[in-house]
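One structure below.
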Amino acid sequence: MSKIFIFGGSGRVGTDLIKDLVADGEEVTAAARHPENIVDLAEIKRDKLDLHADVDQIAEQIKGNQVIYFTAGSRGKDLIQTDAMGAIKTMMAAKKAGIKRYIMLSSMLSLDVDKWKKIPGLEDYLAAKFFADTYLMDSTNLDYTILQPGNLTEEDPTGKITLSVEPNAKNTIADVAEVLADLRDAPNTIGKVIPMSNGNTPIKKALAEIK
């Protein structure tokens with residue numbers, strides 16, 4: 001059993017991720033600015049955490065965990081202080097707390113700047129994710145994995161993916177959460193940026209084939 005901390009525990013992906021991790025018997029702490037919005041399960045601890053907090057405060061809250069998930073997002077309302085700098089502060093905090101494994105929920109094409117024009121209206125969001133992802137890769141020594149799914153949908157899960165993504169590609173939220181949960185036990189994905197969308201390959205098989 002691992003001790004796992006989730007930033008963004010009240011979001012749609014975070015909620016399904018919590019359920020998957022609990023089903024696997026993990027010890028989960030889920031945090032959000034409004035913890036009352038986090039799914040109410042007896043097996044988890046719900047924490048109040050504002051990504052505007054300083055790094056030392058965040059580090060104090062996450063110490064003792066082995067795996068960090070970042071699934072938080074402002075839905076365009078606070079891109080700099082939440083999606084970009086908020087994420088970066090959690091990376092700094094992970095270093096201070098001695099936590100190495102860090103799994104980032106990013107967005108399709110966040111690092112492919114030339115393709116942003118194919119997704120009109122999301123340029124500022126993708127820029128925020130670009131800076132967070134780039135910092136994680138280039139300015140930390142964390143054992144990171146960055147997941148870049150397509151557009152999130154609330155359709156039934158398929159359990160199957162393809163490890164590629166193009167503008168307007170889709171991902172069911174439950175499938176994204178399952179991939180995130182499985183990444184913690186996939187050391188072959190450390191140091192990788194993984195694009196994904198709904199496809200034809202079972203999730204565990206697709207992840208096992210990453211080299």
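Residues: numbered from 1 along the sequence shown. The structure displayed is predicted, hence computed values, not measured ones.
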Open item on the list: Walk me through whether L49 and R33 qualify under side chain to side chain contact (heavy atoms under 4.5 Å, CB included).
Closed with: CA-CA 5 Å; L49 192 149; R33 183 180 296 182; over 6 Å; no
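- Counting only N and O atoms by type, the side chains of N198 and D175 include a donor and acceptor under 3.5 Å apart.
- There is no path of hydrophobic side-chain contacts, each under 4.5 Å, that joins I146 to V13.
- Expressed to the nearest 0.5 Å, how far OG1 of T201 lies from NZ of K160 amounts to 8.5 Å.
- With contacts defined as side-chain heavy-atom distances shorter than 4.5 Å, the pair T90/Y102 qualifies.
- Hydrophobic clustering places V28 together with L180 (ILVMFWY residues linked when any side-chain heavy atoms are closer than 4.5 Å, directly or through intermediates).
- Ion pair D24/R184 flagged as a salt bridge, since at least one NZ, NE, NH1 or NH2 atom sits closer than 4.0 Å to an Asp/Glu carboxylate oxygen.
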TODO: Please lay out, stage by stage, how K129 and D83 fare under the test salt bridge (Lys or Arg N to Asp or Glu O under 4.0 Å).
DONE: CA-CA 6 Å; K129 300 305 290 184; D83 299 76; 5.3 Å; no
Task: Derivation and outcome, side chain to side chain contact (heavy atoms under 4.5 Å, CB included), residues D56 and K96 - done: CA-CA 8 Å; D56 286 340; K96 280 181 173 284; 3.2 Å; yes
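- Between the OG1 atom of T15 and the CG atom of N37 there is a distance of 9.0 Å, given to the nearest 0.5 Å.
- A side-chain donor from one of S106 and D133 sits under 3.5 Å from a side-chain acceptor of the other.
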- [ ] Please step through side chain to side chain contact (heavy atoms under 4.5 Å, CB included) for the pair L41 and I18, ending with a clear verdict.
- [x] CA-CA 9 Å; L41 295 176; I18 290 167; 4.1 Å; yes
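- Judged by distance alone, the side chain of K89 and the main-chain N or O of A53 form a donor-acceptor pair under 3.5 Å.
- Proximity of F7 to I68: side-chain heavy atoms (C-beta onward) are separated by under 4.5 Å at one or more points.
- Counting only distance, with no hydrogens or angles, the side chain of N65 and the backbone of I62 share a donor-acceptor pair below 3.5 Å.
- Between D143 and R101, none of the side-chain N atoms (NZ, or NE/NH1/NH2) sits under 4.0 Å from a carboxylate O, so this pair counts as no salt bridge.
- The closest donor-acceptor contact from the side chain of N171 to the backbone of G150 lies under 3.5 Å.
- Under 3.5 Å, the side chains of D78 and S74 contain no donor-acceptor pair of N or O atoms.
- Between the W116 side chain and the L109 main chain, a donor and an acceptor come within less than 3.5 Å of each other.
- Under the 4.5 Å side-chain heavy-atom criterion for ILVMFWY residues, no single connected hydrophobic cluster contains both Y69 and I190.
- Residues L51 and M85 fail the side-chain proximity criterion, which asks for heavy atoms closer than 4.5 Å.
- A side-chain donor-acceptor contact under 3.5 Å links S110 and Q148.
- Between T134 and L111 the shortest side-chain heavy-atom distance falls below 4.5 Å.
- Taking CG from D182 and CG from D185, the interatomic distance works out to 7.5 Å, rounded to the nearest 0.5 Å.
- Panel note: side chain T71, backbone G8; a donor-acceptor pair is recorded below 3.5 Å.
- Inter-residue side-chain proximity for L17 and I6 is flagged as met; some heavy-atom pair is nearer than 4.5 Å.
- At a threshold of 4.5 Å between non-hydrogen side-chain atoms, the residues V67 and F5 do not count as touching.
- With hydrogens and angles ignored, the 3.5 Å screen pairs a side-chain donor or acceptor of E123 with a backbone N or O of G121.
- Residues T145 and M104 fail the side-chain proximity criterion, which asks for heavy atoms closer than 4.5 Å.
- Within the 4.5 Å cutoff, side-chain heavy atoms of E166 are placed close to those of K115.
- Listed for the D16 side chain is no donor-acceptor partner under 3.5 Å among the backbone atoms of A177.
- Side chain of K45 to backbone of A31: no donor-acceptor contact under 3.5 angstrom is found.
- In this structure, the side chain of E26 engages the main chain of S2 through a donor-acceptor pair within 3.5 Å.
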